[in-house]
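So the structure is just underneath, and the comments pick up after that.
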Amino acid sequence: MGAAEVAQQLHKEKHYEVDEKQRTAILTDEGFEVAEKLLGVTDLFDQDDPWAHYIFNAIKAKELFVNDVNYIVSNDEIVIVDEFTGRIMPGRRWSDGLHQAIEAKERVTIQNETQTLASVTYQNLFLLYPKLAGMTGTAKTEEAEFGKIYNLEVTVIPTNRKSGRADVADEVYKTETGKWQAVARECQAMHERGRPVLVGTTSVEKSEVLSQLLMEAGVPHNLLNAKPENVEREAEIVAQAGRQGAVTISTNMAGRGTDIILGGNADYMARLKVREAFMPAMVRADDSTGSAQRLFGVRPVGGGGFGQEPGQGALRKTWKPSGNLFPVELPPQVQSTLKQAVAFAEELLGPQSLAELEAEDLLAIASEKAPTENPVVQRLRQAFQEIRDVYETHTQQEREKVTQLGGLHVIGTERHESRRVDNQLRGRCGRQGDPGSTKFFLSLEDNLMRIFGGDRVKSMMNAFRVEEDMPISAGILTRSLENAQRKVETFYYDMRKQVFEYDEVLNNQRRAIYAERSRVLRGENLRDRVIEYAEKTMEEIVLAYANPDLPAEEWNLAKMVEKVQEFVNLLQDLRPEHLDELTVPEIVSFLQEEVRRAYELKEAQVDSLQGGLMRQVERFFILQQVDTLWREHLQGMEALRESVGLRGYGQKDPLIEYKTEGYELFLQMMTDIRRNVVYSIFEFDPQPQPQPTTIEAEFV
């Protein structure tokens, strides 16, 4: 029985407790007994058979990591979803065995654990730059953190045009079901009025719940989340999100990086029209599977608008947007311009001559205004501009209608842990003086209220017997929400600050080890460096077997000589009697002189095979030991950080303990590097390569 199966048989509250705020899981006494019984072991923490770590990870995977929220399952893989942008992160994996625990839970192929070769926090990565600056619309709420961590001031620049956005009061519901029904009603009402709606959700799962409700209500809508079929359509969906009556559901719209233009985005539409004609003609057949297949191993077909053309092989795409994206049919002369541009590209470059990414690059350049000498880009740009002018005329008329109706209506379905992300969602409407409105629909079952506060409000709603579909608007609710968000922001800031403080310890070590590695890579004083290592090793051996504070009779010279010969095999003639009558400093000096002489012999031996070979040997062994032992050191520091947290119960500051013991671990690592390099170089025994023999024959 594996850890995932054990976790499924354990019950929350009875066998384990989950702290959602700290994102940890702890077994109860009964839980330990049940887990040990199921596994047939006597102790989960047994050094020879340690199950505890696997069980804890399995419980975290079960309770804290939810499919379609924190990750999606695609092509027999667990793919992480970025909680801020809603985008998938292919290739990224959770560390410390957690990813394997989720793979076991979802019954997909369990891949090998990855090992950290190097690590750095975002804070220390950014602080490596000599100058720091940035621009964002939502930095004001994080002003204190920018100042303390990065020593940056936050300056507010007035908007170009006065915002036309109206922020409507929040509506709070008792249950999540009541909230989602209210959101669906609001979308339907806005759609019937003709106003475009953008709904921001916090997870793939919830976006699909709302999508189902809108389908039942007969409201046409577009869904933008981390699912592969929707990722492919991101440009298409954003292009029409501002059109009259459009309803768009987006997982974490913050960070999408594109303005929603009222009436529709004529630039995007024109680019997609050119793409529709250009890509099938120019992209190689063997490269026509899109990014979805490369990233997810799936072929985009069906409703996503990238299905197969009749009579084509399974790997061809139409690149035809789905639905009625284009507002009007193009006039014959514009269609002719587009066909001629594509035919010109085929004639000049050859049909189906480009890889997909090359074709996308050409289209991107043609859709911009930068000067170009490329004749294909010039012809495509001409077609793009004519198409955009046609679409612009129509979208401008639609823009005026939408503006009169009140512009884009943004609906938030949950308060985020950070006010910045909520502000980014609000900021999707009311751009450049446009009208717009925002409204948040919340429930007492939302994560923020449930974890960080809301018991008081919930008890009041129960006392007043509030129905689940009845919205509540009250000052106490607004204050509770704001207090909850401030609590969360403070909590996560404290966590980031703690991460930064702990990483400062590791950062000093990182700088030292990388400086050493850099010197070795550049080949600076390699010989002197290794001789220094050897001399220091000799000194450490002497002090280990000859304590200066003890009389000479108590020194173990025989063991000392044995250890020296173990490290330096060229000193086999050394005898304990050679060290008699010498003081400790004299023994150190004598052995250091001997090791220098031995090193010269080793260097002559190695260089006799190939000139300059010794420098290569020195570089190889130092880099090998630095990389291997630094990797092990990172694991040791991670284990130390977990262990020092418990010392707070003993009235000790965990950070000071981490600094002290971390420094000792670092010194031990540097010592191990020195000793291993010295041992490896003296043990190195290069063999001359046999020369090929040539047979000369004389024919008469």
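Just so you know, residue 1 is the first one in the sequence shown, and it goes up from there.
Although no hydrogens or angles enter the test, the distance criterion places a donor-acceptor pair under 3.5 Å between the side chain of Gln565 and the main chain of Leu571. Within the 3.5 Å criterion, the main-chain N or O of Leu526 finds no donor-acceptor partner in the side chain of Arg619. Of the possible polar contacts, one joining the Gln572 side chain to the Asn569 backbone as a donor-acceptor pair under 3.5 Å is found. Although no hydrogens or angles enter the test, the distance criterion places a donor-acceptor pair under 3.5 Å between the side chain of Glu586 and the main chain of Thr583. Put simply, the side chain of Glu593 never gets that close to the backbone of Phe590: no donor and acceptor are under 3.5 Å apart. The main-chain N or O of Ile541 is never found under 3.5 Å from a side-chain atom of Lys563 such that the two would form a donor-acceptor pair. Formation of a donor-acceptor pair under 3.5 Å by the His53 side chain with backbone atoms of Gly97 is not found in this model. Side chain of Asn57 to backbone of Ala101: no donor-acceptor contact under 3.5 angstrom is found. No donor-acceptor pair closer than 3.5 Å links the side chain of Gln111 to the backbone N or O of Gln100. No donor-acceptor distance shorter than 3.5 angstrom exists from the side chain of Ser680 to the backbone of Val677, with no hydrogens or angles considered.
Nearest heavy-atom pair, Val595 versus Ala534, reported as atom, atom and distance to 0.1 Å: CG2-CB, 3.9 Å. Residues Thr141 and Thr138 share a closest heavy-atom pair of OG1-O, 3.6 Å. Pairing each heavy atom of Lys602 with each of Ile681, the nearest pair is CE-O, 3.2 Å. Across Glu618 and Val530, no two heavy atoms sit closer than the pair CG-CG2, 3.9 Å. For the pair Ala355 and Arg284, the tightest heavy-atom approach, listed with the atom from each and the gap, is CB-NH2, 3.4 Å. Shortest non-hydrogen contact noted between Ala7 and Lys62 is O-NZ, 2.9 Å.
Val79 places none of its side-chain heavy atoms less than 4.5 Å from the side chain of Met89. The closest side-chain heavy-atom distance from Glu562 to Tyr545 is not below 4.5 Å. The closest side-chain heavy-atom distance from Ile59 to Val6 is not below 4.5 Å. Side-chain contact check for Leu591 versus Leu574: some heavy-atom pair is nearer than 4.5 Å. Counting heavy atoms from C-beta outward, Arg420 and Thr136 have side chains that approach closer than 4.5 Å. Glu657 has its side chain out of reach of Leu640: every pair of non-hydrogen atoms, C-beta onward, lies at least 4.5 Å apart. Using a 4.5 Å cut-off on side-chain heavy atoms (C-beta onward), Leu506 and Leu634 make contact. Contact check for Gln123 versus Tyr150: side-chain heavy atoms found under the 4.5 Å cut-off.
No more than 12 heavy atoms of other residues, nucleotides or ligands sit less than 6.0 Å from atom OH of Tyr663. Counting heavy atoms of neighbouring residues, nucleotides and ligands inside a 6.0 Å radius, atom CD of Glu153 does not exceed 12 of them. Heavy atoms of other residues, nucleotides or ligands lying less than 6.0 angstrom from CG of Asp528 number more than 12. Within 6.0 Å of the CG atom in Asp494, the count of heavy atoms belonging to other residues, nucleotides or ligands exceeds 12. Few gaps surround CZ on Phe146; more than 12 heavy atoms of other groups in view lie less than 6.0 Å from it. Surrounding CG of Leu128 are more than 12 heavy atoms belonging to other residues, nucleotides or ligands, all under 6.0 Å away. More than 12 heavy-atom neighbours from other residues, nucleotides or ligands sit within 6.0 angstrom of CZ on Arg527. Residue Tyr54 qualifies as open at atom OH: its count of foreign heavy atoms under 6.0 Å is 12 or below.
Exactly one residue among Glu540, Glu516, Glu535 makes a salt bridge (charged side-chain N to carboxylate O under 4.0 Å, His left out) with Arg674. That residue is Glu540. For the salt bridge (charged side-chain N to carboxylate O under 4.0 Å, His left out) test with Asp503, the passing option among Lys659, Arg510, Arg641 is Arg510; the others fail. With Val108 as the partner, the side chain to side chain contact (heavy atoms under 4.5 Å, CB included) test is satisfied by one option alone out of Val73, Ile102, Asn75: Val73. When each of Leu579, Val564, Ile587 is paired with Val542, the side chain to side chain contact (heavy atoms under 4.5 Å, CB included) condition holds for Ile587 and for no other.
Separation of atoms OG1 (Thr537) and CG (Asn676) is listed at 9.5 Å; rounding is to 0.5 Å. With values rounded to the nearest 0.5 angstrom, Met670 atom CE is found 4.5 Å from Ile513 atom CD1. Put simply, CH2 on Trp630 and CZ on Phe666 are 6.5 Å apart, with the number rounded to the nearest 0.5 Å. Of the inter-residue distances, the one linking Ile72 atom CD1 with Glu77 atom CD reads 10.5 Å to the nearest 0.5 angstrom. Taking CD from Gln668 and CD1 from Ile673, the interatomic distance works out to 11.0 Å, rounded to the nearest 0.5 Å. With rounding to the nearest 0.5 Å, the separation of CG in Leu27 from CG in Leu44 is 7.0 Å.
Between the side chains of His633 and Gln509, at least one donor N or O sits under 3.5 Å from an acceptor N or O. For the residue pair Thr24 and Asp19, no side-chain donor N or O sits within less than 3.5 Å of a side-chain acceptor on the partner. Remark: the Glu504 side chain and the Asn508 side chain contain no N/O donor-acceptor pair separated by less than 3.5 Å. Defined by atom type and a distance below 3.5 Å, a donor-acceptor pair is present between the side-chain atoms of Ser518 and Arg522.
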Report the C-alpha distance between Arg675 and Glu566 in whole Å, list the side-chain angles of each, state the deciding distance to 0.1 Å, and finish with yes or no for salt bridge (charged side-chain N to carboxylate O under 4.0 Å, His left out).
-> CA-CA 11 Å; Arg675 293 175 180 175; Glu566 182 184 325; over 6 Å; no
Determine, stepwise, if the pair Met538 / Val588 fulfils side-chain contact (heavy atoms from CB on, under 4.5 Å).
-> CA-CA 7 Å; Met538 293 300 106; Val588 170; 6.0 Å; no
Criterion salt bridge (charged side-chain N to carboxylate O under 4.0 Å, His left out) on Arg496 and Glu145, from CA distance to verdict | CA-CA 10 Å; Arg496 286 194 298 273; Glu145 186 168 350; 2.6 Å; yes
Which is it for Leu125 and Asn507 under the side-chain contact (heavy atoms from CB on, under 4.5 Å) test, yes or no, and what are the steps along the way?
-> CA-CA 10 Å; Leu125 175 65; Asn507 197 45; over 6 Å; no
Tyr658 vs Tyr502, ring pair (Phe, Tyr, Trp, His ring centres under 6.0 Å): CA-CA, chis, key distance, verdict = CA-CA 8 Å; Tyr658 181 74; Tyr502 275 86; 4.9 Å; yes
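One finds a salt bridge joining Glu103 and Arg93 here, because a Lys/Arg side-chain nitrogen approaches an Asp/Glu carboxylate oxygen to under 4.0 Å. Here Glu594 pairs with Arg597 in a salt bridge; the nearest charged N to carboxylate O distance falls below 4.0 Å.
Aromatic rings of Phe65 and Tyr71 (six-membered ring for Trp) have centroids beyond the 6.0 Å cut-off, not under it.
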